[in-house]
*Asks:* 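I am attaching a structure below and will ask some questions about it afterwards.
Computed from a predicted structure; not experimentally measured.
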Amino acid sequence: MATTNLKKKVILTGLARRLVIEGLLTEEAAGKAFDESLKTRTSFVSYLVNKKLVKSRDVALEAAKEFAVPLIDIENIELDRELITSKITKKLLEKHKVLPIFNRGKSLFVAISDPSNPIALDEIKFHTKMRTEAILANEEKLQKVIERALEFFDTSMKDLGGDGLDDIELVEDEDDKAGEEEDTTEEAPVIKFVNGMLFKAIKMGASDLHFEPYEKYYRVRFRIDGILQVAANPPIGLARKLAARIKVMSRLDVSERRVPQDGRIKLKLSAKKSIDFRVSTCPILWGEKIVMRILDSSAANLNIDKLGYEEEQKQLYLEALANPYGMVLVTGPTGSGKTVSLYTGIHILNQEGVNISTAEDPVEINLPGVNQVQIDEKTGMTFAKALKAFLRQDPDIILVGEIRDLETGGIAIKAATTGHMVMSTLHTNDAPQTLTRMIDMGIQPFAIATAVNLIMAQRLCRRLCQCKVEQKIPEPALLESGFSKEEIQDPEFKLYEPRKDGCEKCGGQGYKGRVGIYQVMPISDTMKRLIMEGSNAIAIADQARSEGIPDLRQSGLKKAKDGLTSLAEINRVVTKE
């Protein structure tokens, strides 16, 4: 009997002893549970919870006290897909039920339900080459979260294929059969995976696809409504095969991995529906990153009433388009909708009695009746050369995809001052900066003042879904954001935010689609004088403000006030003054 008691005293240490002291287990039950967990090679905590000997919550609380380890509510922790898939294998996750949560410097913090299990922490430490720090989690909750985390590793080729892949047809260029042999040797799962990603991106309304290899993992991301989202994590071992497949489809050199390449893919989805992809490859540390821009001309909205212009802004744009000559410039970062704004104008002007020519890189929207030229630096077809050719062909309206240099800008300015309407884009932050940017290029101020009629700066922000909810924001914060006291005190003043869990229509995001924010600035006589005097962007912006032209921030705040978007979204795309 004495021996038995001695044996129990040896066994009942740590958590088992504390559970007995707290009256949650009898000595006999604790000893038996400990022995059985050793025999079945199960952690002591898992055994207690699975056999329902002690409530999971009680075990977690007592373990936190016994081992002096912080206890977290694992269900409220946002899982980091990249961290989990890059720091731990699926096999380790299934074996030890330990989940990486975040890392700080060289320390990896992992959620664990049984801190008395050093083997799990040691194995993860060996695998990651990082110092592991345990954070305690409720056993039952941790198991549920781990089940979700295991899905991150379950991205298989067949799962990502999707329905309708057999309807996708790669349209080949009859004059260019390069890479055809490689196409026949590709493995079917890789082909189906790439087709699946393209199909899924189109279905989800993505604008770009990013194929990104890293040291220990690979990810595919879609840009949807301006935000990048992880779409898949294929095995890192497929990195080269994926890159090769995409290169074959876009007629690029499969063997060249050291320099960037640009190509194009045309996919035929049906007899009447085809979509182009602009492909760009770039060598990075662990392989080749590939970005594909979806060029769906049928998706381009060419109705000016649906682009988000305020009524005054729309009238200013239409008045500028009605001029027989002069220049209209649209400015903003990549992906801000500049092309759609320009083509909306071209669509309005496109009539039988008008000769319209465009030079673009690439041609994104196909418009019947418009003479479109694809810029190709390799063959020597530059913007400047295309412009020179246009001027010899009796044009009425010229669209230049982008003014990148002095030569292109100079020819465009001359065309605008010699009886032609010229439309183009620049990359600047707002409308006033566009004028000084052209001066920096070397274009003479008097030429700019004479030629430019209108400048539009724009951004795209996510549109709130119909499930939006009213948001209460303190008055000081509203004033700081740029609202006036009169606006805030208006009884009808309301702001909205996305519902936390969204709805079925927006897929739980809270946002659905995008709306434009614009600064439409006509060049007045006073502004022309300022330009010729060599004034800077600040002086021009002050003049625009004095003429009652709202800047991007003010236009954005009006969109928030109208309930089209949230204040947080405006702050994301437009900085505060």
*Asks:* Would you say that E140 contacts V59 through its side chain, given a criterion of any heavy-atom pair below 4.5 Å between the two side chains?
*Replies:*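 Of all side-chain heavy-atom pairs linking V59 with E140, none is under 4.5 Å.
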
*Asks:* Can you sort out the partners of R258 under salt bridge (charged side-chain N to carboxylate O under 4.0 Å, His left out), two or more places apart, ordered by chain and number?
*Replies:*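 Result, salt bridge (charged side-chain N to carboxylate O under 4.0 Å, His left out) vs R258: E256.
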
*Asks:* Check ring pair (Phe, Tyr, Trp, His ring centres under 6.0 Å) between F44 and all other residues, then give those that pass, not counting sequence neighbours.
*Replies:* F34

*Asks:* Measure the spacing between CZ of R553 and CG of L557 and express it to the nearest 0.5 Å.
*Replies:* 5.0 Å

*Asks:* Apply salt bridge (charged side-chain N to carboxylate O under 4.0 Å, His left out) to D58 and list each qualifying residue two or more places apart in sequence or on a separate chain.
*Replies:* none

*Asks:* Any salt bridge linking E288 with K247? Criterion: basic side-chain nitrogen under 4.0 Å from a carboxylate oxygen.
*Replies:*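 Yes.
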
*Asks:* Which pair of non-hydrogen atoms, one from S113 and one from L136, has the smallest distance, and what is that distance?
*Replies:* O-CD1, 3.6 Å

*Asks:* Contact between V98 and E123 at the side-chain level, heavy atoms closer than 4.5 Å - yes or no?
*Replies:* no

*Asks:* Heavy-atom count check: over 12 atoms from other residues, nucleotides or ligands less than 6.0 Å from E470 CD?
*Replies:* yes

*Asks:* Any pair with a residue in residues 222-232 that passes side-chain hydrogen bond (donor to acceptor under 3.5 Å, both in side chains), sequence neighbours left out, goes on the list, sorted by first then second residue, please.
*Replies:* none

*Asks:* Any side-chain heavy atom of I294 within less than 4.5 Å of one from L209?
*Replies:* yes

*Asks:* Rounded to the nearest 0.5 Å, what separates atom CD in Q261 from atom OG in S280?
*Replies:* 9.5 Å

*Asks:* Any sub-3.5 Å donor-acceptor pair from Q519's side-chain atoms to A457's backbone N or O?
*Replies:* no

*Asks:* Return the minimal non-hydrogen interatomic distance between L83 and N103, and the atom names on each side.
*Replies:*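 Where L83 meets N103 most closely, the heavy atoms are CD1-OD1, 3.8 Å.
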
*Asks:* Minimum heavy-atom separation for K338 and T331, please, with both atom names.
*Replies:*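 Closest pair (atom of K338, atom of T331, distance): CD-C, 3.7 Å.
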
*Asks:* Do E133 and R131 meet the salt-bridge criterion of a basic N to acidic O distance under 4.0 Å?
*Replies:* yes

*Asks:* Any non-hydrogen side-chain atom of L495 less than 4.5 Å from a side-chain atom of S566?
*Replies:* no

*Asks:* Considering residues at least two apart in sequence or located in another chain, which fulfil the salt bridge (charged side-chain N to carboxylate O under 4.0 Å, His left out) criterion with E475?
*Replies:*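 Partners of E475 under the salt bridge (charged side-chain N to carboxylate O under 4.0 Å, His left out) test: K485.
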
*Asks:* I need the minimum non-hydrogen distance between A560 and L567, along with the two atoms involved.
*Replies:* CB-N, 4.4 Å

*Asks:* How would you list, by chain and number, every residue that makes a side chain to side chain contact (heavy atoms under 4.5 Å, CB included) with K512, sequence neighbours excluded?
*Replies:* C465, C506

*Asks:* Once you round to the nearest 0.5 Å, how far does OG1 of T132 lie from CG of L121?
*Replies:*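 Answer rounded to 0.5 Å: 4.5 Å.
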
*Asks:* Can you name the residues that form a side chain to side chain contact (heavy atoms under 4.5 Å, CB included) with P333, not counting sequence neighbours?
*Replies:*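 P333 satisfies side chain to side chain contact (heavy atoms under 4.5 Å, CB included) with S336, R459 once adjacent residues are dropped.
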
*Asks:* Could you pull out all residues at least two apart from F211 that satisfy ring pair (Phe, Tyr, Trp, His ring centres under 6.0 Å)?
*Replies:*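 Residues passing ring pair (Phe, Tyr, Trp, His ring centres under 6.0 Å) with F211: none at all.
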
*Asks:* Which heavy atom of T281 sits nearest to which heavy atom of V259, and what is that distance?
*Replies:* OG1-O, 4.3 Å

*Asks:* Quick one: side chain to side chain contact (heavy atoms under 4.5 Å, CB included) partners of D122, sequence neighbours excluded?
*Replies:* P118

*Asks:* Which heavy atom of E497 sits nearest a heavy atom of L464, and at what distance?
*Replies:*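 Looking at all heavy atoms of both residues, the closest pair is C-CD2, 3.7 Å.
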
*Asks:* Taking side chain as C-beta onward, heavy atoms only, is I290 less than 4.5 Å from L242?
*Replies:*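 Answer no - side chains too far apart.
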
*Asks:* Other residues, nucleotides and ligands only: do more than 12 of their heavy atoms fall within 6.0 Å of NZ on K55?
*Replies:*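 Not more than 12 within 6.0 Å, no.
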
*Asks:* Run the numbers on E487 and S484 for side-chain hydrogen bond (donor to acceptor under 3.5 Å, both in side chains), then give the verdict.
*Replies:* CA-CA 5 Å; E487 287 177 305; S484 66; 3.3 Å; yes

*Asks:* Quick one: salt bridge (charged side-chain N to carboxylate O under 4.0 Å, His left out) partners of K65, sequence neighbours excluded?
*Replies:* E62

*Asks:* To the nearest 0.5 Å, tell me how far N138 CG sits from D73 CG.
*Replies:*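 Result: 8.0 Å between the selected atoms.
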
*Asks:* Name all residues meeting the side chain to side chain contact (heavy atoms under 4.5 Å, CB included) criterion together with E310; count only those two or more places apart in sequence or in a different chain, and write none if there are none.
*Replies:* E312, Q313, K558, K559, D562

*Asks:* Using a strict threshold of under 4.0 Å (side-chain N to carboxylate O), is an ion pair present between E147 and K144?
*Replies:* no

*Asks:* Is there any ring-ring contact (aromatic ring centres under 6.0 Å, His included) pair reaching into residues 486-516, and which pairs are they, with sequence neighbours excluded?
*Replies:* F483-F493

*Asks:* Within a radius of less than 6.0 Å around CD of E504, do more than 12 heavy atoms belonging to other residues, nucleotides or ligands occur?
*Replies:*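 No - once you tally the heavy atoms of other residues, nucleotides and ligands closer than 6.0 Å, there are 12 at most.
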
